[in-house]
Amino acid sequence: WELRAVRGDPKLGRGEQREAGSLEEPFIAQVTGEPATGTTDDPTWDTSITLTVEHQKGLYVHGFLCESGLLGLTPLADFSIALDYVLELQEKPKVKRYDMDPIDTARVSVETKLIAQFGGDNTRFDVTCHVVRAQMLPEGWMIVEISLRGDGSGNALISGRTQGGYGPNPVFNEAIELGWQDEGNMTLHCKVFSSTLGMEEPVAELAKQINQSDLEKHGVANKYALKPIGEASAGAEIVLAFGPKRPQVSLSLKPSAASGVVAHQEAWSFSPFVQAKVLAADPKDGLKSNPEICCGQTESLQNCNGDPHWLEPILLPDLTYEKGLFLQVSICSDRFGREADVIAEMVMTLDEAIEHSKKAIERKYPLKALIDTRREEKPVLYAAFTEQGGSLVAGATDNRKYIPEVGLRIDEEEEIGGTGGAGNARSEAGSQGDFSPGRGGVGNTEDRDQSPSQGYRGGVFRSPVTSEELREAHPEVEEELAPLQELAAKRGGAIRGMVPLSFLSSNQNPHFIWMNVR
């Protein structure tokens, strides 16, 4: 760029000079900017130009878009603005579009615009785009390119790329930071490339560009449709999120027991375990491609002869919070030398599971039998969406007589005749802990919340039962811990509560490294 301060409007009576492309004209002040970046068709500049001149009436700012060559600068297009108007613009700085007149009409379109701001600081728009995953792309190594563009312009003001992931359902979990001078109406574009032996070929792009205003909506990841390029098939989607941090949620499912489940007729033994999967779509829809986001399971109970009781929780940590995900919980049984049998299952939305995790209470979940159980009793899972740590959840005594977490068997008379304890909780709550999963909502949560044993348990990874509640419900446990508490106090420690034995060997245990040194 070359900016000049000249007397009078330079466009009056200068048609012949403009056609000749001459820069010869009298001027008061002159300044030349830095070379452009970006593309040849849509150049960009990221540095400011300062023109210093004494204010006089009748002055104009004359700007030339030039091409640098061996013979110096060759003008391509120009614009002129009265200096008084420029001073008014500097009082309220804002990015605007200005018409330009082509000088080299063979190379410059009559629709050429200058996008610039007079005065003030460079107001930037910064956004972090989290590329989470994609689905239904072709097989092969996929790379995603994210670019920020001006409104109505094919020019990428700034762009970034992922390292890549393998299709057809690549997982990226990469953050791309984009920033440019705020034009107010920029758009975000996305293109997916297939990379083979260093050769790249575009296979899909966003079906609809994302407006700048939508880039400021944080807290959840969303699916965006991709339109195919070339011979790629339709139906692909990409999951993006915007904001300083990738939206995450951590779930912990604590299955305790199940009833109405048996081994497959062809199985020699019954070794049940509970498996939880987060899926991209409802498995009931029967889609051919339903990507698995994450998966976890409990311990397998070898050669179980009765109703199973599990001790290990299922941890699903650092899960990207994405709209439209589903949680599939299945009771399976190991089969030697072949895939495990799926005996029964339930499906709920991820939002339902998150809602349940806000109150760590054991509920009764009806399951759909997938094999002939040879029983009139329908399969049921007793479980709680609870926090990591702590072995006993509120409501455990509402549904079960045997509590394997603490090795306690509840006396029937105490269960019915107690005052304010487990017996009242069971009789008053009734079937309030039952749950029928669906596509929306979590059932009659207001009634369940009124159960005496159902205190509020906010958060996902805090202790589900306070030490006071534990002492009141199970005084014998306090007696067992008393000698250990005394020993810990002598050594400067304290006993805070109980955790499952499986937690000791879990990498979630902050003392895992030194406790497992061989």
Side-chain angles (χ1 to χ4, degrees), residues 34-47 95 115 122-135 137-138 140-229 232 236-248 318 320-322:
E34 297 292 333
T37 58
T39 65
T40 304
D41 294 334
D42 296 300
T44 58
W45 295 266
D46 53 9
T47 57
V95 176
I115 304 174
N122 287 336
T123 305
R124 288 179 59 85
F125 175 79
D126 295 289
V127 61
T128 301
C129 178
H130 300 273
V131 184
V132 180
R133 63 181 185 87
Q135 60 188 45
L137 290 172
W141 190 253
M142 298 293 158
I143 298 175
V144 176
E145 181 180 84
I146 303 293
S147 60
L148 199 61
R149 305 187 181 189
D151 181 34
S153 170
N155 177 34
L157 303 175
I158 187 170
S159 62
R161 286 184 153 208
T162 64
Q163 295 294 326
Y166 198 81
N169 302 312
V171 176
F172 303 100
N173 284 332
E174 298 185 44
I176 298 177
E177 296 183 358
L178 303 174
W180 194 257
Q181 187 171 357
D182 191 357
E183 298 183 9
N185 52 0
M186 295 182 289
T187 56
L188 185 135
H189 295 242
C190 171
K191 185 173 287 187
V192 183
F193 295 85
S194 173
S195 178
T196 305
L197 299 177
M199 302 294 292
E200 294 185 358
E201 180 182 358
V203 295
E205 63 182 355
L206 279 181
K208 182 180 180 181
Q209 60 195 20
I210 304 175
N211 295 327
Q212 181 176 340
S213 58
D214 294 328
L215 302 180
E216 300 176 356
K217 298 177 181 178
H218 305 163
V220 63
N222 292 289
K223 293 188 184 75
Y224 296 90
L226 296 173
K227 63 180 180 180
I229 299 177
E237 293 178 310
I238 190 168
V239 178
L240 304 175
F242 306 101
K245 296 182 179 181
R246 178 165 56 96
Q248 292 179 314
D318 300 332
T320 299
Y321 179 47
E322 175 188 333

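In what follows, residues are counted from 1 in the order of the sequence shown.
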Q.
Is there a side-chain contact between Leu206 and Leu226 in this structure, where contact means two heavy atoms from C-beta onward sitting under 4.5 Å apart?
A. yes
Q: Provide the closest heavy-atom pair for Ala221 versus Pro247 in the form atom of the first, atom of the second, distance.
A: N-CG, 3.9 Å
Q) Do the rings of Tyr166 and Trp141 sit parallel, tilted or perpendicular, given the 30° and 60° boundaries? A) tilted
Q: Sequence neighbours left out, what passes side chain to side chain contact (heavy atoms under 4.5 Å, CB included) with Ser194? Give chain and number order.
A: Met142, Thr196, Val203
Q) Does the side chain of Leu188 reach to within under 4.5 Å of the side chain of Leu178, using non-hydrogen atoms? A) yes
Q: Determine which pairs satisfy salt bridge (charged side-chain N to carboxylate O under 4.0 Å, His left out) with at least one residue from residues 187-208, sequence neighbours left out, and list them in order.
A: Arg161-Glu200, Glu205-Lys227
**Q.** Partner set under side chain to side chain contact (heavy atoms under 4.5 Å, CB included) for Trp45, not counting sequence neighbours
**A.** Trp1, Ala36, Pro43, Leu65
Q | Considering all heavy atoms, the nearest Pro138-Ala232 contact | A | CG-CB, 4.2 Å
Q.
For the CG atom of Asp318 and the CD atom of Gln248, what is their distance to the nearest 0.5 Å?
A. 5.0 Å
Q: Find out whether Asn173 and Val132 are in side-chain contact, i.e. whether some heavy atom of one side chain is under 4.5 Å from a heavy atom of the other.
A: yes
Q. Residues in side chain to side chain contact (heavy atoms under 4.5 Å, CB included) with Gln212, at least two apart?
A. Phe125, Asp182, Met186
(Q) Quick one: does any side-chain atom of His189 pair with a main-chain N or O of Gln209 as donor and acceptor, under 3.5 Å? (A) no
Q) Nearest 0.5 Å, what's the CH2-CG distance between Trp180 and Leu157? A) 5.5 Å
(Q) Rounded to the nearest 0.5 Å, what separates atom CD1 in Ile210 from atom OG1 in Thr187? (A) 9.5 Å
(Q) Would you compute the distance between atom CD of Glu177 and atom NE2 of His130 and round it to the nearest 0.5 angstrom? (A) 8.5 Å
Q: Mind checking side chain to side chain contact (heavy atoms under 4.5 Å, CB included) for Glu237 and listing every partner two or more places apart, or none if nothing turns up?
A: Gln135, Lys223
(Q) Going by side chain to side chain donor-acceptor pair (under 3.5 Å), name the residues that satisfy it together with Lys217, two or more places apart in sequence or in a different chain. (A) Asp214
Q.
On a heavy-atom basis, which atom in Phe242 and which in Leu215 lie closest, and how many Å separate them?
A. CB-O, 3.4 Å
(Q) Ignoring hydrogens, what is the shortest heavy-atom contact between Arg124 and Gly179? Give both atom names and the distance. (A) NH2-C, 3.1 Å
**Q.** Shortest non-hydrogen separation from Glu145 to Phe193 and the atoms involved
**A.** CB-CE1, 3.8 Å
Q. What heavy-atom pair brings Cys129 and Leu240 nearest, and what distance separates the two atoms?
A. SG-CD2, 4.1 Å
